[in-house]
Amino acid sequence: MIYELKSKGFWLDEAVDKLLDYLKEQGMDKGTIVCAAGMTPSAPIHFGILREIAVSSFVADELVRRCKKTRLIYYWDDYDHFCKIPYYTTREKVAEHIGKTLDEVPDFNGNFQSYGEHYMRDFEKCLHFCGFFPDYNYQARLYKSGWYTDFIRKAIKNREKIFRIVHHSKDLDSPEMQERCKSYYPLEIYCEHCGKDSTRTTGYDESSDTVSYECKECGKKGSYVLGKNFRGKLAWKINWATRWTDDGVCFESSGENQLTDTGSYSVSSRIATEIFGGKVPFSLLYRFIGMPGIAKVSRAQGEKTLANNFVKVLEPAIIRWLLVKNPPNKAFSVDIDGGIVRIYHEWDVFCEKIESGECTETERRIYQIATQGVEMSRVRVPFKTITISLGITGGDREKTALQMSKIVNFDGTPEELYMAVRPRINAAAYWLYHCGHTETEPSLRRSFNKNVWKTLPENIRGDVATLRNSVERLTTENEAKQTLYGIVCDDAERREFFRALYLLILDTERGPKLATLLCLMPKEKLLMLLGGDEK
């Protein structure tokens with residue numbers, strides 16, 4: 001069953017209600033309710049993939065809340081062939097491995113046993129960071145162990161029926177399709193000589209349980225005995241139906257492309273029921289996560305979209321909040337470049353709403369789901385304040401907490417503040433120094449800027465001197481703001497005054513909010529840069 005959310009209430013309640021109704025109708029409501037998701041680790045994994053596993057995980061948790069026995073599975077298709085070239089290399093450099101299984105391609109960019117393992121482990125860390133803990137199903141391991149042998153035999157026996165299901169939208173009575181049907185096998189076989197999948201299955205001998213093939217890559221011919229030395233797998237749509245039947249999958253979320261009339265879900269549903277005698281899971285439609293100017297995040301955009309970068313710039317509770325507050329059928333965008341300050345601000349406002357009690361019951365549930373079992377900053381210091389402080393301290397995270405302790409309302413030591421804000425400090429540091437945002441980091445001058453001072457009009461010099469005499473009052477952002485605006489009333493003169501301060505402190509004409517900058521700076525450093533040592 002394909003389902004798209006319809007009501008205006010909390011999407012998770014609607015999805016689970018409809019799921020349970022469907023399972024009862026289909027006689028699938030006895031025993032464990034299996035929720036699933038999965039993907040092929042064919043390249044560095046982008047953060048858009050998080051939505052699929054998040055939806056299945058949220059549904060599984062809600063089922064547990066309703067006292068249902070539940071299992072969450074994540075399928076790793078590491079027995080698929082290597083075909084998608086990662087952004088950091090070229091097709092020419094990896095040509096010898098194209099077509100091999102992902103678990104046998106070497107790790108080009110790390111120290112794992114295989115290319116597939118590298119990206120599986122990377123993403124598993126991301127999932128655990130976000131509080132998602134599925135059972136992992138590694139397809140390479142299962143296929144090599146012979147786990148799916150009976151399904152393979154049944155698929156071969158019913159290959160003509162499968163061909164007609166897979167190609168149901170075409171003219172199956174045409175001579176061309178009839179000829180293709182005769183030679184069709186629902187298999188992807190890896191050559192025992194070159195290891196690639198550029199093969200054509202040429203026959204199956206039931207008496208010896210042997211599949212024969214020929215390889216277009218190396219020209220060799222060969223054969224495998226099912227259940228013994230077979231190196232191959234079922235084609236995707238047949239494989240999907242196999243997993244549903246084997247594990248009794250009850251729920252998955254799927255993208256729009258899979259849920260069309262001719263898409264994978266429709267074809268796999270017929271194969272599951274008509275060939276394997278299995279059941280069809282409830283499938284909830286989800287739409288893509290995008291970025292500003294890009295409707296769908298994909299691995300083609302390179303490092304910017306990688307999941308392991310995404311989880312390092314946002315606290316895990318915020319990631320879960322973004323994924324649970326947006327209904328799966330609603331596309332949304334995440335701007336972790338220019339919009340990251342806004343994301344943190346909106347989260348902080350949301351948390352304050354929860355703590356004040358001025359929230360709806362749905363908002364409270366969203367908060368509980370977002371914060372369940374994950375790390376979060378216990379003191380919500382604005383993200384921008386942290387980046388300014390990191391710049392002032394040269395990136396020293398503990399000194400950053402020491403600087404912030406002077407302006408943050410916190411009843412504890414700087415060390416305790418550091419521990420309370422560590423998730424956000426770490427995220428801000430990664431965003432600054434690993435994601436190319438150091439241009440937003442304030443870099444203090446090391447000495448008084450005499451050249452700039454000489455160019456300042458007398459009235460602006462007087463304003464700077466007044467501020468210099470008021471440095472001890474700059475202990476909070478409000479006090480710093482009141483002091484700045486109290487010194488100069490005229491708007492035009494105030495603009496010149498602020499420009500002079502930026503030049504004297506940062507050697508630039510613009511910068512972060514002055515009130516924040518001034519109260520975070522060490523007072524002796526500020527005095528020196530404002531000309532305190534000049535006679």
Tell me if the [atom1] atom of [X] is crowded by more than 12 foreign heavy atoms within 6.0 Å.
| X | atom1 | result |
| --- | --- | --- |
| Glu358 | CD | no |
| His128 | NE2 | yes |
| Glu4 | CD | yes |
| Lys6 | NZ | yes |

Point to revise | Residue pairs, two or more places apart or on separate chains, that pass ring-ring contact (aromatic ring centres under 6.0 Å, His included) and touch residues 461-489 | key: Tyr485-Phe498

Check your understanding: If you look only at pairs with a residue in residues 374-407, which of them pass as a ring-ring contact (aromatic ring centres under 6.0 Å, His included), with sequence neighbours excluded?
Key -> Tyr344-Phe383, Phe383-Trp431

Check your understanding: Using 30° and 60° as the class limits, which term best fits the ring planes of Phe350 and Trp347: parallel, tilted or perpendicular?
Key -> tilted

Does the side chain of [X] pick up a donor-acceptor pair with the side chain of [Y] at under 3.5 Å?
| X | Y | result |
| --- | --- | --- |
| Thr101 | Asp103 | yes |
| Ser254 | Ser283 | yes |
| Glu252 | Trp240 | yes |
| Tyr75 | Asp247 | yes |

Study note, to complete from the structure: Residue pairs meeting side chain to side chain donor-acceptor pair (under 3.5 Å), one or both in residues 511-527, sequence neighbours left out, come to Glu477-Thr516

Let me confirm one number: the [atom1]-[atom2] distance from [X] to [Y], rounded to the nearest 0.5 Å.
| X | Y | atom1 | atom2 | value |
| --- | --- | --- | --- | --- |
| Met404 | Leu520 | CE | CG | 8.0 Å |
| Asn469 | Thr483 | CG | OG1 | 12.0 Å |
| Thr455 | Arg461 | OG1 | CZ | 8.0 Å |
| Thr40 | Tyr79 | OG1 | OH | 14.0 Å |

Not counting sequence neighbours, which residues clear ring pair (Phe, Tyr, Trp, His ring centres under 6.0 Å) with [X]? List them please.
| X | value |
| --- | --- |
| Trp453 | Phe448 |
| Phe112 | His118 |
| Tyr3 | Phe282 |
| Phe129 | none |

Point to revise | Non-neighbouring partners of Ser7 that pass side chain to side chain donor-acceptor pair (under 3.5 Å), sequence neighbours left out | key: Glu14

Tabulate below the donor-acceptor pairs under 3.5 Å that side-chain atoms of residues 329-336 make, not counting sequence neighbours, or state none.
from	atom 1	to	atom 2	distance (Å)
Asn329	ND2	Leu5	O	3.3
Asp335	OD1	Asp337	N	3.0
Asp335	OD1	Gly338	N	3.3
Asp335	OD2	Gly339	N	3.0

Practice item. Determine which pairs satisfy salt bridge (Lys or Arg N to Asp or Glu O under 4.0 Å) with at least one residue from residues 381-400, sequence neighbours left out, and list them in order. Key: none

Review point. How would you list all residue pairs meeting salt bridge (Lys or Arg N to Asp or Glu O under 4.0 Å) that involve residues 412-437, not counting sequence neighbours?
Key: Glu315-Arg424, Asp348-Arg424

Point to revise | Distance flag, aromatic centroids of Phe108 and His97, threshold under 6.0 Å | key: yes

Study note, to complete from the structure: Residues passing the side chain to side chain contact (heavy atoms under 4.5 Å, CB included) test with Ser57, sequence neighbours excluded, are Asp61, Leu72, Phe132

